[in-house]
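For reference, the structure is listed below as structure tokens.
Starting from 1, each residue takes its place in the sequence as its number.
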Amino acid sequence: MKNKSLIFGLIAVAIVVGIALIAKPFAAKKPAKKGAPAPTVKMEKKAAQIPAKKAISKDKGGLTVRIVDSKNKEMPLRIRAFKSITAKSSVYLTSLAANKMQEVLPGTYDIEIDTIPQTIYKNISVVRGKEKILDLGSITGSINIKALNAKKTTASYPVKILHSKSKDMVAGTTSDRPVEVFPGVYDVEIGTIPVQVRKEIKVDPGKEAISDLGCTTGTLLVKALDENKKEVRLGLRITKSENNELVTSTATNRPLEILQGVYNVEISSTPKQDRKDVKVNAGEDTLIEFLVQAPAVPPKPVPPKAPTPAKRVAR
């Protein structure tokens with residue numbers, strides 16, 4: 001009995017010791033705060049956010065040209081790099097894109113940037129093993145010509161941007177579509193009928209110059225009708241009432257969007273007919289009618305006679 005009691009006692013002690021050993025590791029761990037990421041995960045995320053710096057090849061340097069537009073967005077402009085040979089000359093070496101590093105040989109460069117119009121920056125020094133960052137910021141502004149058509153909805157007129165006081169074109173666009181240009185003073189031609197001109201629009205770097213025309217056109221419909229009220233297509237000539245300067249040539253029975261004003265209208269009927277001082281108001285429809293003779297119907301062509309078959313001679 002004593003031996004059995006001793007055996008049961010040893011077994012009980014072993015069970016208690018085993019439970020203590022199993023529970024100890026769990027008691028040593030402290031519960032993490034809810035929502036707090038583990039330190040290792042945090043470090044991995046931080047490392048992923050920092051882009052690795054691109055290594056520069058041996059015996060070369062790096063050139064980065066940073067440029068943003070008038071809205072402070074990076075501009076994907078093309079750049080041509082010319083390596084200086086003497087104080088007065090340089091030779092083309094390579095092309096690069098703005099806002100991206102390009103490896104180049106060490107030396108001094110002049111760069112040509114495809115702004116509108118193109119611009120040149122000189123004496124940019126690139127050192128072996130280092131990245132030269134030329135941060136130009138916003139070197140352009142924008143021109144935005146806004147307009148409404150005769151229906152008072154957003155218009156899409158062709159637009160020419162010209163150097164001020166000249167006919168030299170800088171850029172082409174359409175109304176309500178801004179275009180980035182180098183700061184300066186420009187004249188603008190808007191392709192309505194007739195053409196409108198806005199002079200000396202000043203463009204500042206990092207800003208948008210807006211010229212809002214509003215609604216400046218109306219619709220003119222010139223109808224030519226014969227005695228049966230049928231439409232007759234004839235040539236149409238429109239001139240300015242004040243000086244008889246030609247505005248446009250078109251055809252009758254076709255609506256025409258035209259700048260508000262006073263016009264003379266002439267159609268190529270037989271005999272010719274015209275109407276003086278026709279007023280067109282912005283955002284309105286103007287209709288004028290001419291009564292003309294119906295065109296003569298050409299006679300139907302006479303079909304050619306069938307050839308007479310040759311008679312056989314009896315032998």
Side-chain angles (χ1 to χ4, degrees), residues 142-179 181 185-203 208-226 229 231-292:
S142 65
I143 291 180
N144 191 1
I145 306 299
K146 291 181 173 289
L148 300 177
N149 59 25
K151 303 298 181 185
K152 296 185 179 180
T153 59
T154 301
S156 184
Y157 302 131
V159 173
K160 289 182 182 179
I161 300 171
L162 313 171
H163 286 293
S164 184
K165 300 177 182 178
S166 80
K167 289 293 182 180
D168 297 332
M169 185 171 166
V170 176
T173 182
T174 58
S175 55
D176 211 46
R177 182 177 292 178
V179 59
V181 295
V185 179
Y186 298 93
D187 294 342
V188 174
E189 287 186 357
I190 302 98
T192 50
I193 300 176
V195 170
Q196 299 182 68
V197 178
R198 293 293 182 271
K199 292 186 177 291
E200 298 185 355
I201 296 177
K202 186 181 179 183
V203 178
E208 184 179 51
I210 297 176
S211 181
D212 195 341
L213 307 181
C215 178
T216 58
T217 60
T219 302
L220 175 62
L221 176 58
V222 179
K223 283 191 172 184
L225 306 172
D226 63 15
K229 298 297 180 180
E231 294 182 352
V232 179
R233 182 61 59 89
L234 296 171
L236 171 64
R237 191 170 181 269
I238 299 174
T239 60
K240 291 182 180 179
S241 182
E242 56 190 19
N243 54 16
N244 214 35
E245 177 186 338
L246 179 65
V247 173
T248 189
S249 295
T250 180
T252 57
N253 309 310
R254 183 185 297 169
L256 175 69
E257 186 176 349
I258 191 168
L259 195 65
Q260 61 183 348
V262 183
Y263 300 96
N264 296 333
V265 177
E266 181 184 279
I267 63 171
S268 58
S269 57
T270 304
K272 287 185 177 180
Q273 299 184 60
D274 62 11
R275 194 77 55 85
K276 301 290 186 183
D277 300 332
V278 177
K279 188 176 181 181
V280 177
N281 296 318
E284 296 180 9
D285 297 331
T286 301
L287 169 66
I288 58 175
E289 293 183 353
F290 290 93
L291 186 62
V292 299

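- Residues V262 and E242 fail the side-chain proximity criterion, which asks for heavy atoms closer than 4.5 Å.
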**Q.** Trace of the salt bridge (charged side-chain N to carboxylate O under 4.0 Å, His left out) decision for E189 with K167
**A.** CA-CA 10 Å; E189 287 186 357; K167 289 293 182 180; 2.7 Å; yes

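- Although no hydrogens or angles enter the test, the distance criterion places no donor-acceptor pair under 3.5 Å between the side chain of N281 and the main chain of E284.
- No side-chain N or O of T239 forms a donor-acceptor pair with one of E245 less than 3.5 Å apart.
- The closest side-chain donor-acceptor pair between E257 and T219, if any, does not fall under 3.5 angstrom.
- For the pair T248 (side chain) and I238 (backbone), a donor-acceptor distance under 3.5 Å is absent.
- Using a 4.5 Å heavy-atom cutoff, the side chains of K165 and K199 are not in contact.
- Distance check: L220 CG to T286 OG1 gives 6.0 Å after rounding to the nearest 0.5 Å.
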**Q.** D187 and R198: CA distance, side-chain angles, deciding distance, side-chain contact (heavy atoms from CB on, under 4.5 Å) verdict
**A.** CA-CA 6 Å; D187 294 342; R198 293 293 182 271; over 6 Å; no

Can you list, pair by pair, the side-chain donor-acceptor contacts under 3.5 Å of residues 169-177, counting residues two or more places apart and other chains?
{"unit_1": "T173", "atom_1": "OG1", "unit_2": "R177", "atom_2": "O", "d": "3.1"}
{"unit_1": "S175", "atom_1": "OG", "unit_2": "A155", "atom_2": "O", "d": "3.0"}
{"unit_1": "S175", "atom_1": "OG", "unit_2": "Y157", "atom_2": "N", "d": "2.8"}
{"unit_1": "D176", "atom_1": "OD1", "unit_2": "K146", "atom_2": "NZ", "d": "3.2"}

**Q.** salt bridge (charged side-chain N to carboxylate O under 4.0 Å, His left out) between D168 and K160, worked out
**A.** CA-CA 10 Å; D168 297 332; K160 289 182 182 179; over 6 Å; no

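- Side-chain contact between T252 and V232 is absent, with no heavy-atom pair separated by less than 4.5 Å.
- In this structure, Q196 and T216 have side chains that are in contact, with non-hydrogen atoms separated by less than 4.5 Å.
- Looking at heavy atoms from C-beta onward, K152 lies out of side-chain contact with T217 at the 4.5 angstrom threshold.
- Proximity of L236 to V265: side-chain heavy atoms (C-beta onward) are separated by under 4.5 Å at one or more points.
- Using a 4.5 Å heavy-atom cutoff, the side chains of V222 and I267 are in contact.
- Within the 4.5 Å cutoff, the side chain of Y263 has no heavy atoms near those of the K276 side chain.
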